[in-house]
Amino acid sequence: MTVAQKRSASPKFDNSFLSSLQKQFPELVPPVIAILIFLTIWQLFSWTPGATLPGPIKVIQDTWILILYPFYDKGGTDKGLFWQIWASLQRVAISYSLAAIVGIGLGVLIGVNKTMSKALDPLFQLLRTVPPLAWVPISLAALRQNEPAALFVIFITAIWPILINTAVGVTQIPQDYNNVAKVLQLSRKEYFINILIPSALPYIFTGLRIAIGLAWLAIIAAEIVMSGIVGIGFFIWDAYQNNNVSEVILALVYIGVVGLILDKLMAALQNWILPEQK
């Protein structure tokens, strides 16, 4: 490319970049303003007499080292926030994947079999209302180790929205689709691949998206109770025990950001597989 061509291409690049910024600007302004207002109100409350909760400025001052060095590793549970988050995400990935496999499988079984649905629905409705923390002592008593107990708590918390939404999606398949399958004499495999899964997929993704948030909440609760394991939940509990409230607040920010990213990734995957649902 000649110098003249580069010069002619440069304004086009700049114009396209500026135009994309202008398109995104209206969407970015409201959340930025809302965050600034929230931080201002929080800071003002922290300056009131008798306030014990540190403000944003104090939090940044107290946790500056943790913010700058998230990758440090001194062994044991003394690790930076990146490694704490990474350990928690690994547990979520294992249990969430297992919950998705089991939940979708059982959901399909219950959706196509009315007898199974009537038999298991009361049990599932009973178990799904149990809070994640209530499963912690049961899992510890049964498994006797913190790591598998934490994995079980995530699994048992995340499976219900996947299972229930999958079952609902299967039962909501239009009768016309079933009639066409009978006319064409589709095998069970062909019916499963060409009719059941495509029809139930929007419901399945709804369950998966709800479950990823619940799984992230469950691991935080489990790690707070279970001592001695690396994870963001244990980091929060350890900081609280040492009266480092600023570190607790910083960890909460990390948890919120990671939870938002997980939800957006699941939404992007849904839009990629089901573009018509946009």
Side-chain angles (χ1 to χ4, degrees), residues 85-112 116-117 120-136 138-139 142-143 147-173 192 196-226 229 231-233 236 252 254-275 277-278:
I85 292 286
W86 180 247
S88 298
L89 283 174
Q90 286 179 307
R91 296 186 183 101
V92 169
I94 294 171
S95 296
Y96 177 76
S97 300
L98 185 60
I101 294 171
V102 176
I104 293 174
L106 283 177
V108 170
L109 178 63
I110 293 171
V112 299
M116 290 287 292
S117 177
L120 296 177
D121 183 69
L123 178 62
F124 290 160
Q125 295 298 333
L126 174 67
L127 293 177
R128 76 180 184 87
T129 58
V130 179
L133 279 176
W135 289 108
V136 173
I138 299 296
S139 60
L143 301 173
E147 190 68 29
L151 295 176
F152 174 79
V153 171
I154 305 168
F155 169 81
I156 201 68
T157 304
I159 191 174
W160 305 120
I162 301 174
L163 190 156
I164 293 172
N165 277 275
T166 301
V168 171
V170 173
T171 58
Q172 294 298 317
I173 296 175
F192 182 84
L196 190 148
I197 289 297
S199 299
L201 210 52
Y203 293 88
I204 294 174
F205 266 108
T206 299
L208 290 172
R209 192 170 177 182
I210 296 172
I212 192 65
L214 292 178
W216 186 236
L217 293 175
I219 187 55
I220 304 303
E223 289 176 348
I224 287 177
V225 176
M226 300 175 187
I229 59 176
I232 191 64
I236 290 175
L252 294 180
Y254 271 76
I255 291 170
V257 170
V258 172
L260 178 63
I261 292 173
L262 291 175
D263 181 73
K264 294 299 182 182
L265 287 175
M266 187 58 64
L269 179 62
Q270 180 178 359
N271 290 333
W272 178 61
I273 296 177
L274 300 172
Q277 297 295 322
K278 290 182 180 180

On a heavy-atom basis, which atom in [X] and which in [Y] lie closest, and how many Å separate them?
| X | Y | answer |
| --- | --- | --- |
| Phe152 | Ser139 | CD2-CB, 3.6 Å |
| Gly107 | Val170 | O-CG2, 4.4 Å |
| Val153 | Thr157 | O-OG1, 2.7 Å |
| Ala215 | Ala158 | CB-CB, 4.1 Å |
| Arg209 | Met266 | CA-CG, 3.8 Å |
| Gln270 | Pro202 | NE2-O, 4.4 Å |

Under 3.5 Å: donor-acceptor pair, side chain of [X], backbone of [Y]:
| X | Y | value |
| --- | --- | --- |
| Asp263 | Gly259 | no |
| Trp216 | Ile255 | yes |
| Thr129 | Leu126 | yes |
| Ser95 | Val92 | no |
| Ser88 | Ile232 | yes |
| Tyr96 | Leu208 | yes |

Are the side chains of [X] and [Y] in touch, meaning some heavy atoms are under 4.5 Å apart?
| X | Y | answer |
| --- | --- | --- |
| Ile204 | Leu201 | yes |
| Leu269 | Trp272 | yes |
| Leu262 | Leu89 | yes |
| Asp121 | Ile110 | no |
| Pro161 | Leu214 | yes |
| Phe124 | Ile164 | no |

Which distance, rounded to the nearest 0.5 Å, do you find between the [atom1] of [X] and the [atom2] of [Y]?
| X | Y | atom1 | atom2 | result |
| --- | --- | --- | --- | --- |
| Tyr254 | Ile236 | OH | CD1 | 12.5 Å |
| Thr206 | Ile162 | OG1 | CD1 | 11.5 Å |
| Ile220 | Ile154 | CD1 | CD1 | 9.0 Å |
| Thr166 | Phe205 | OG1 | CZ | 11.0 Å |
| Trp135 | Ile138 | CH2 | CD1 | 7.5 Å |
| Leu217 | Ile212 | CG | CD1 | 10.5 Å |

Let me see the working for Leu151 and Leu143 under side-chain contact (heavy atoms from CB on, under 4.5 Å), right down to the final yes or no. CA-CA 10 Å; Leu151 295 176; Leu143 301 173; over 6 Å; no
